[in-house]
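Reviewing the structure listed below.
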Amino acid sequence: MATDEQHLKGLNKEQKEAALYTKGPLLIVAGAGAGKTKTITHRIVNLIKEGVSPDKILAVTFTNKAAKEMRERILEEIQKNAKGQDKIPFVSTFHSLGVYIIKENAKLLGLTKYFTILDEGDSISLIKEIMKEIGLDPKQYDPKKIRNIISREKGKFVHLADYLEREEGGGNTLGKIVAQVWNLYEKRKMKENSLDFDDLLLKATKLLKENEQIRKTYQEKWEYIHVDEYQDTNEVQYLMSKLLTDIKRNICVVGDADQNIYSWRGANLKNILSFEKDYPNAKIILLEQNYRSSKNILEAANVVIKKNKYRPDKNLFTDNVEGEKISLYEALDENGEADFVATKILEILDIETKKASFGDIAILYRANFQSRALEEAMLRYNISYQVLGVKFFERREIKDTLAYLRAALNPDNLSDIKRIINFPVRGIGKVTLMKIFTNQKENLPIKMQIKINNFYQTLEEIKEAIKTKKVSAVIKFVVKKSGIETELSSGTEEDMERLENIKELATLALKYDNLADGAGAEKLLEDAALASDQDSLIINQEKKETVSAIKLMTVHASKGLEFKYVFITGLEDGLFPASAKASAGSPHEERDAEEERRLFYVALTRAKEKLFLSFANFRTIFGSRNINTPSEFIGDIPTDILEKEGETSGIKTIYL
């Protein structure tokens with residue numbers, strides 16, 4: 001191999017072709033485990049080797065975990081193959097990119113650079129508060145449902161004005177309620193200098209679309225655009241990508257129609273299927289060689305997904321070993337299924353066999369409620385486990401501590417003030433709070449005014465600390481100055497655990513200490529707000545001692561991860577695949593069915609060496625004990641690669 005191609009060593013023919021194709025639109029159709037991150041990394045390094053300045057390159061993906069992995073790989077390759085290069089490409093999630101664009105143009109949007117990012121819980125709380133204020137019963141109209149409708153509309157690039165106009169003359173009661181709540185919701189956010197997740201994409205894209213100068217600035221800034229997981233883009237993300245590449249059209253997208261599993265979140269499969277129509281001269285490269293799974297696992301995945309119609313044809317293959325057969329277990333009920341999973345894990349973990357460690361094993365399920373029986377079994381058999389989805393940044397004490405930082409930087413955010421003004425307890429009640437928020441503080445007793453002044457003085461001191469101290473030191477300062485440390489130190493064992501979690505936050509903040517003049521605190525707050533389910537894994541990996549535990553998660557949460565051993569549980573008709581949401585016989589029903597099949601395909605392809613499938617004849621759901629039929633997906637798997645577990649002779653007794 002020529003010396004100037006050393007950086008392409010280790011790529012297969014198709015990966016190398018993708019890395020070397022640098023001009024014009026490129027679609028890389030990358031099957032599961034086909035090395036897409038490796039391909040994008042080498043393509044970016046190749047661009048730099050060809051003389052493209054790294055700061056002219058943008059790479060966007062969906063999760064912080066994927067962005068972190070890509071950034072680290074690129075830096076490693078640059079150090080090896082482009083020494084002396086001090087600039088780096090801009091690698092981020094879509095939401096982080098939105099934050100970047102908005103912060104640079106905050107004044108145009110009527111914001112300060114210290115705007116607060118509301119996470120899903122914050123958004124729902126604010127909507128619930130607004131509903132109560134206008135006399136709507138949150139029990140009759142679910143705030144989460146209203147928030148989801150608003151989110152879905154924003155994902156389609158629908159603005160409040162468009163929605164108000166659409167619903168004004170309609171007869172849809174829910175639509176009118178959503179319009180009323182959405183209107184007040186936007187006003188409150190503007191008043192409090194805050195944005196929700198969807199605003200980060202919507203407002204950034206609106207700026208690019210409507211302001212030619214801003215659009216041109218970013219088109220010139222980033223001449224080469226890479227978009228990972230393109231099949232998961234919604235309308236706003238699709239438009240943002242298109243607007244950024246409209247001049248030079250050097251866009252490289254990577255995706256797999258077979259892994260489109262987020263239509264409920266607005267992901268539009270047509271974005272990847274219509275790429276050739278959007279970019280008529282596009283080059284298409286297929287990555288079909290899988291480096292992750294055994295031949296048996298891949299055969300099952302290929303057979304299952306071939307039944308879908310809305311997909312470009314491809315067939316994954318591997319040079320890996322044939323591997324073990326796929327195990328199938330039929331349980332009496334969910335407790336029997338959980339027992340099987342637990343005992344099988346103990347077999348795998350048997351010290352004598354040295355087969356695997358805790359981190360090599362994952363248990364997947366279709367719906368969150370399934371974790372209960374599985375968790376109980378893990379506890380019964382004394383198996384360490386971690387449920388993915390319990391986010392570090394969503395713990396109450398972490399949100400309280402970060403709220404002090406946000407309120408110090410953005411005192412207009414009344415939601416944060418309300419959260420912390422009486423934590424630790426200062427004897428400030430709802431009536432007092434209302435007077436503060438309506439500028440009637442002078443009507444309060446002198447003692448109360450002193451308490452309130454002291455609180456705001458604390459926020460001022462925290463703001464000063466943010467500007468002058470490293471962010472890890474700021475966290476320690478907040479805990480001491482606010483009184484949180486004193487409050488929790490003298491409390492229960494649970495309080496002590498909460499204090500330990502805050503100390504962990506200070507440890508985590510160390511990685512932001514190299515950012516000066518308050519930038520570290522800003523970045524920490526941004527990352528905390530945008531943290532995904534998988535980020536709990538990143539946090540554990542960054543601790544000195546990685547948590548050694550079996551991973552329990554939904555199939556959706558498992559996307560992008562891989563494990564030696566994977567248990568896919570609850571394979572029953574109506575659960576996995578889930579019951580069709582659309583009316584029978586409609587095109588939507590067919591698309592829903594295809595998404596369920598894609599979800600099963602994603603689950604299968606998480607496994608490297610061994611797959612266990614299980615179903616229960618009976619399962620209690622919402623208090624009702626249901627009789628189940630096995631999932632149709634089980635019947636799709638060729639019988640010669642399937643083996644039944646736990647078959648015994650004799651009579652099975654079923655009690656109804």
Side-chain angles (χ1 to χ4, degrees), residues 110-112 114-119 121-138 143 181 183-195 396-467 474-492 495 498-499 502 518 521 525:
L111 297 164
T112 73
Y114 296 124
F115 63 84
T116 297
I117 302 170
L118 305 179
D119 64 21
D122 296 330
S123 295
I124 292 168
S125 296
L126 186 53
I127 285 169
K128 187 176 182 180
E129 197 177 296
I130 288 165
M131 288 172 68
K132 285 179 177 176
E133 285 172 10
I134 59 176
L136 288 172
D137 184 358
V181 173
N183 191 21
L184 294 169
Y185 177 59
E186 293 304 320
K187 286 177 180 174
R188 277 287 289 275
K189 283 193 287 126
M190 183 56 67
K191 184 181 176 184
E192 296 190 2
N193 191 38
S194 62
L195 300 176
R396 189 178 76 193
E397 60 274 15
I398 301 302
K399 293 194 81 166
D400 289 337
T401 307
L402 293 178
Y404 269 98
L405 296 185
R406 286 202 305 267
L409 292 171
N410 180 19
D412 290 332
N413 192 315
L414 302 185
S415 299
D416 280 330
I417 300 292
K418 188 188 294 184
R419 182 180 188 99
I420 58 173
I421 199 166
N422 209 34
F423 176 73
V425 176
R426 296 181 176 91
I428 299 172
K430 288 182 180 178
V431 175
T432 304
L433 204 58
M434 189 58 68
K435 287 189 177 180
I436 297 169
F437 290 170
T438 53
N439 297 316
Q440 298 179 58
K441 192 176 76 172
E442 65 280 359
N443 296 335
L444 293 167
I446 295 297
K447 281 187 178 179
M448 184 57 72
Q449 288 187 43
I450 292 169
K451 285 181 182 178
I452 293 161
N453 289 338
N454 287 342
F455 168 74
Y456 278 99
Q457 179 60 34
T458 298
L459 293 186
E460 279 298 319
E461 290 177 33
I462 292 169
K463 186 175 182 178
E464 186 59 32
I466 288 170
K467 290 178 182 176
V474 174
I475 300 293
K476 293 172 187 174
F477 178 78
V478 167
V479 176
K480 282 187 181 297
K481 186 68 185 174
S482 65
I484 291 174
E485 187 173 50
T486 306
E487 175 100 347
L488 296 180
S489 295
S490 55
T492 61
D495 286 338
R498 289 170 65 199
L499 186 57
I502 296 172
L525 290 172

Open item on the list: For Pro424, is there any backbone N or O sitting under 3.5 Å from a side-chain donor or acceptor partner on Glu487?
Closed with: no

- [ ] State, with a plain yes or no, whether a side-chain heavy atom of Val474 is found less than 4.5 Å away from one of Leu405.
- [x] yes

Open item on the list: Glu186 vs Lys189, test: salt bridge (charged side-chain N to carboxylate O under 4.0 Å, His left out). Steps then yes/no.
Closed with: CA-CA 5 Å; Glu186 293 304 320; Lys189 283 193 287 126; 3.0 Å; yes

Open item on the list: According to side-chain contact (heavy atoms from CB on, under 4.5 Å), who are the partners of Pro411, at least two apart in sequence or on a separate chain?
Closed with: none

Open item on the list: Between Phe477 and Ser482, is there a side-chain heavy-atom distance shorter than 4.5 Å?
Closed with: no

Task: Nearest-0.5 Å distance, CG of residue Leu459 to CG of residue Asn454 - done: 11.5 Å

TODO: Find the distance between OG (Ser489) and CG (Leu499) and round it off to the nearest 0.5 Å.
DONE: 5.0 Å

Open item on the list: Please enumerate all residues that pass side-chain contact (heavy atoms from CB on, under 4.5 Å) together with Ile134, with sequence neighbours excluded.
Closed with: Leu136, Gln180, Val181, Leu184

Task: Check against side-chain contact (heavy atoms from CB on, under 4.5 Å), Ile398 and Thr401 - done: CA-CA 5 Å; Ile398 301 302; Thr401 307; 5.6 Å; no

Task: Under the side-chain contact (heavy atoms from CB on, under 4.5 Å) test, residues paired with Lys480 that sit two or more places apart - done: Glu485

- [ ] Grab the two heavy atoms, one from Ile130 and one from Tyr185, that are nearest each other, plus how far apart they are.
- [x] CD1-CA, 3.5 Å

Task: From Ser123 atom OG to Leu195 atom CG, the distance as rounded to the nearest 0.5 Å - done: 10.0 Å

Open item on the list: Can you list everything that forms a side-chain hydrogen bond (donor to acceptor under 3.5 Å, both in side chains) with Thr438? Sequence neighbours excluded, please.
Closed with: Gln440

Open item on the list: Applying salt bridge (charged side-chain N to carboxylate O under 4.0 Å, His left out) as the test, list every pair that has at least one member in residues 406-424; sequence neighbours left out.
Closed with: Glu129-Lys418, Asp400-Arg419, Arg406-Asp416

TODO: Show the numbers, then the answer: is there a salt bridge (charged side-chain N to carboxylate O under 4.0 Å, His left out) between Lys399 and Asp119?
DONE: CA-CA 10 Å; Lys399 293 194 81 166; Asp119 64 21; 2.9 Å; yes

TODO: Provide the closest heavy-atom pair for Ile462 versus Tyr404 in the form atom of the first, atom of the second, distance.
DONE: CD1-CD2, 3.8 Å

Open item on the list: Tell me every residue that passes side-chain hydrogen bond (donor to acceptor under 3.5 Å, both in side chains) with Arg396, counting only those two or more places apart in sequence or in another chain.
Closed with: none

Open item on the list: Is there a side-chain contact between Ile117 and Ser194 in this structure, where contact means two heavy atoms from C-beta onward sitting under 4.5 Å apart?
Closed with: no

Open item on the list: Suppose we screen for side-chain hydrogen bond (donor to acceptor under 3.5 Å, both in side chains). Which residues come up paired with Tyr114, at least two apart in sequence or across chains?
Closed with: none

Task: Test side-chain contact (heavy atoms from CB on, under 4.5 Å) applied to Ile421 - qualifying residues, sequence neighbours left out - done: Ile417, Ile428, Leu433, Ile436, Phe455

Task: Check: Thr116/Glu192 side-chain N/O donor and acceptor closer than 3.5 Å - done: no

- [ ] Using side-chain hydrogen bond (donor to acceptor under 3.5 Å, both in side chains) as the criterion, list what pairs up with Thr486, not counting sequence neighbours.
- [x] none

Open item on the list: Looking at Arg188 and Glu133, is any side-chain nitrogen of the basic one under 4.0 Å from a carboxylate oxygen of the acidic one?
Closed with: yes

Open item on the list: A side-chain contact here means heavy atoms from C-beta on lying under 4.5 Å apart; do Asp122 and Ile124 qualify?
Closed with: no

TODO: Write down the atom of Met448, the atom of Gly427, and the distance for their closest heavy-atom approach.
DONE: CE-O, 3.3 Å

Task: Separation between CG of Leu414 and CG of Asn193, rounded to the nearest 0.5 Å - done: 11.0 Å

Open item on the list: With heavy-atom distances below 4.5 Å as the criterion, would you say the side chains of Val478 and Thr458 are in contact?
Closed with: no

Open item on the list: Suppose the criterion is salt bridge (charged side-chain N to carboxylate O under 4.0 Å, His left out): which pairs have a residue in residues 431-455, not counting sequence neighbours?
Closed with: none

Task: Lys481: salt bridge (charged side-chain N to carboxylate O under 4.0 Å, His left out) partners, not counting sequence neighbours - done: Glu461

Task: Distance in Å, Asn443 CG paired with Gln449 CD, rounded so as to fall on 0.5 Å steps - done: 8.5 Å

